[in-house]
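Notes for the one structure printed next.
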Amino acid sequence: MEEIKVFCPATIANVSCGFDVLGLALDSVGDEMTVRKTSEKGIRITKILGQDLPLETENNVAGVAGLALLEKSAYDGGFEIEINKLIKPGSGIGSSAASSTGAVWAMNELLGKPFSNLELVQFAMQGEKLASDVAHADNVAPAIYGGFTLVRSYEPLDIIPIPTPSELYATVIHPQIEVKTSDSRKILKTTITLKQGIQQWGNLGGLVAGLFKNDYELIGRSLEDHIVEPIRSILIPAFDDIKANALKAGALGSGISGSGPSIFALSKGEETAKKVAESMKETYQNIGVDFDIHISKVNSQGVKKIA
Ligand code: HSE
């Protein structure tokens, strides 16, 4: 195989109680990338459609992630990458992670899969480092593995794939502002109280247990964040109203998607997820905020070949 076209899913990181450790992949929104082998060494980004992003390899997250893979590879040639950027940068649904994972996953396929998923996550994390100054894995891991993933440890990196109840749907609304992850990390406090820690790890354990047990109620009551959400939500238009109305419409829970400004809700069943979408739309329409909205099943596969 000399060329491959892949779908790289958008992702919801943190999922309220799992800052930097929990994430899930979406089905209905993602980037497309074409990667081809070249005899010329190195990585060349030849085309980016949809967004104005840097073409220089060292300044592009896909380029940097790809270089990390090449460095560990015995392959003597290089790659060309075309990106159709369908996820808006700074939207909070893993735009940089989609580009980084798409690049390394596609290269691995073209090379005959010499690298494990865990290694691909490590390469893709270099793209995240470029985008946000921190090599967090909570977007790239679900983008590679699919479904929900837990980063149990960063040193050493330990990723735990978590099963997804079959009727779980996500609704994500993106108010049309851009929030850079690096900026929304700078405003966070670097310490928490023991009380906050107890609340947070109780909820994270509850959410993971709920996913394993198909216990939608437990999933819902575990979607709480007493540490990051109170700070970051200030940057998001009408966050409290969107969340309250989503819950009224039947969502199990709701919170900030990644570093925002997108807001997500999880629901049992597509019908409820659609009602939640209506309530979110109405909330923004009433106050004149432009938005994009997505309803999606949790993507169980992660990055995949489409041609
Ligand atoms: N865990 C990261 C953060 C995710 O919240 O900063 C960024 O998408």
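Start at 1 and go down the list; that is how both ligands and their atoms are numbered.
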### Query
How far apart are the closest heavy atoms of Ala98 and Pro9, and which atoms are they?
CB-O, 3.9 Å
### Query
Could Glu82 and Arg36 be called an ion pair, given the rule that one side-chain N must be under 4.0 Å from one carboxylate O?
yes
### Query
Does Lys186 pair with Asp183 as a salt bridge, N-O distance under 4.0 Å?
yes
### Query
Can you find a heavy atom in the side chain of Glu109 that is under 4.5 Å from one in the side chain of Val6?
no
### Message
Test of understanding: with salt bridge (Lys or Arg N to Asp or Glu O under 4.0 Å), list the residues that count as partners of Asp215, not counting sequence neighbours.
### Response
none
Between ligand 1 and the protein, give all atom pairs where both partners are nitrogen or oxygen and the distance is under 3.5 Å, as lines of names plus distance to 0.1 Å.
from	atom 1	to	atom 2	distance (Å)
ligand 1	1 (N)	Asn14	OD1	2.9
ligand 1	1 (N)	Asp20	OD1	2.5
ligand 1	1 (N)	Asp138	OD1	3.4
ligand 1	1 (N)	Asp138	OD2	2.6
ligand 1	5 (O)	Asn14	ND2	2.8
ligand 1	5 (O)	Arg232	NH1	2.7
ligand 1	5 (O)	Arg232	NH2	3.4
ligand 1	6 (O)	Arg185	NH1	2.7
ligand 1	6 (O)	Arg232	NH2	3.0
ligand 1	8 (O)	Asn139	OD1	2.9

### Message
Are there over 12 heavy-atom neighbours, none belonging to Asp52, within less than 6.0 Å of that residue's CG?
### Response
no
